[in-house]
Amino acid sequence: MRIAELLIETAGELSVPRFPKIGWWLDHDPVTFYHGTHERNLESILKSGIAAPKEGYTAGWVSLALEPNTAHGYASMSGLGGETQFRMKTFRSAGTKAAHVPNEERVTFVIKIPQNDFMKKMAPMRGAMTDIAKRLTDKDEYQKLVVDGGMSDAEYYARTEIRYPDLIPPKFIVGYTYLKGKK
């Protein structure tokens with residue numbers, strides 16, 4: 001059996017809760033991340049990993065979410081060529097060329113990366129929007145908003161992202177899920 005065949009057998013479809021209890025993300029090792037894309041990329045990713053785009057806004061970086069709904073949302077842009085192309089062409093300027101990916105064609109990968117790997121490689125604060133960047137760096141903010149304030153983990157980590165350079169190797173991909181739709 002070739003290694004690619006083994007990966008497809010071991011990194012199969014998973015049942016993932018829509019709103020998982022995450023806790024403070026850096027209290028886990030490895031850390032669970034999610035990456036959403038079009039289902040047409042499924043086989044290639046299972047065999048070769050998730051490659052960063054070579055040009056555009058996200059060139060050189062793979063975007064990872066800390067909760068599955070954000071990754072599923074980003075997959076809606078994969079029909080345009082992903083966030084790289086989307087950022088280069090806003091929906092308004094793309095006009096009829098804008099391609100929204102239906103829910104049933106989106107796949108969300110579940111990825112586990114050891115802290116010692118991503119902490120030395122990730123883009124510092126790149127990708128996290130200014131209003132939520134503090135949510136990834138300040139555990140007291142998590143305590144205040146989630147533990148004491150009653151916010152859910154899904155709300156807290158929504159729209160946050162980590163950017164990992166070049167390639168997420170297949171060894172970090174534990175499986176995938178269709179959050180809504182046919183599977």
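All figures in this text were calculated on a predicted structure; none of them were measured in a lab. As a basis for the values below, the full set of heavy atoms in this structure was taken, side chains included, without hydrogen atoms, waters or symmetry mates.
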| said: Is any side-chain heavy atom of L66 closer than 4.5 Å to one of D153? | reply: no
| message | Please give me the minimum heavy-atom distance between Y74 and R159, naming the atom from each residue. | response | OH-O, 4.1 Å
| Do you know which two heavy atoms are closest between H38 and V107, and how far apart they sit? | O-CG1, 3.8 Å
| Which value, rounded to the nearest 0.5 Å, describes the distance between K112 atom NZ and H28 atom NE2? | 9.0 Å
| Nearest non-hydrogen partners of P170 and G49, listed with the distance | CG-N, 3.5 Å
| field | Intermediate values then yes/no, side chain to side chain contact (heavy atoms under 4.5 Å, CB included), Y178 and E13 | value | CA-CA 8 Å; Y178 288 84; E13 189 167 355; 3.7 Å; yes
| query | Counting only heavy atoms not in K21, do more than 12 sit closer than 6.0 Å to its NZ atom? | reply | yes
| task | Could you check Y142 against V147 for side chain to side chain contact (heavy atoms under 4.5 Å, CB included), going step by step and ending with a plain yes or no? | result | CA-CA 7 Å; Y142 180 84; V147 178; 3.8 Å; yes
| said: Do H35 and I168 have side chains that approach each other closer than 4.5 Å (heavy atoms only, starting at C-beta)? | reply: no
| query | Do you know which two heavy atoms are closest between Y156 and D138, and how far apart they sit? | reply | OH-O, 3.9 Å
| task | Apply the test side chain to side chain contact (heavy atoms under 4.5 Å, CB included) to residues V110 and Y34: give CA-CA distance (whole Å), side-chain angles for both, the deciding distance (0.1 Å), then the verdict. | result | CA-CA 5 Å; V110 181; Y34 302 89; 3.9 Å; yes
| said: With rounding to the nearest 0.5 angstrom, report the CG to CD distance, L136 to E141. | reply: 10.5 Å
| query | Cluster question for you: counting only ILVMFWY and a side-chain heavy-atom cut-off of under 4.5 Å, with indirect links fine, are L46 and L167 together? | reply | no
| request: Consider only side-chain heavy atoms of I, L, V, M, F, W and Y, link residues closer than 4.5 Å, and tell whether M119 and Y157 are in one cluster. | output: yes
| query | Which atom pair, heavy atoms only, marks the closest approach of P114 to P30? | reply | N-CB, 3.7 Å
| remark: The reported gap from CG in D29 to CD1 in I113 (rounded to nearest 0.5 angstrom) is 11.0 Å
| field | side chain to side chain contact (heavy atoms under 4.5 Å, CB included) evaluation trace for N41 with F109 | value | CA-CA 11 Å; N41 301 321; F109 285 91; 5.7 Å; no
| Closest non-hydrogen atom pair, R163 against S63 | NE-OG, 3.1 Å
| request: Measure from the side-chain N and O atoms of R106 to the backbone N and O of G36, and report whether any donor-acceptor pair falls under 3.5 Å. | output: no
| field | Atom pair CG (D140) and CG (L145), whose distance is rounded to the nearest 0.5 Å | value | 11.0 Å
| task | Using a strict 4.0 Å threshold on nitrogen-to-oxygen distance, state whether K139 and D27 make a salt bridge. | result | yes
| remark: d(E67 CD, R18 CZ) to nearest 0.5 Å is 9.0 Å
| request: For S152, enumerate each residue passing the side-chain contact (heavy atoms from CB on, under 4.5 Å) test, keeping only those at least two apart in sequence or located in another chain. | output: A154, E155
| query | Are F33 and Y164 close enough, and set up right, to give a ring pair (Phe, Tyr, Trp, His ring centres under 6.0 Å), and what steps lead you there? | reply | CA-CA 11 Å; F33 294 102; Y164 189 92; 8.2 Å; no
| query | Transitively linked via ILVMFWY side-chain contacts under 4.5 Å: L26 with M151? | reply | yes
| remark: In this structure, OG1 of T37 is separated from CD1 of I45 (nearest 0.5 Å) by 5.0 Å
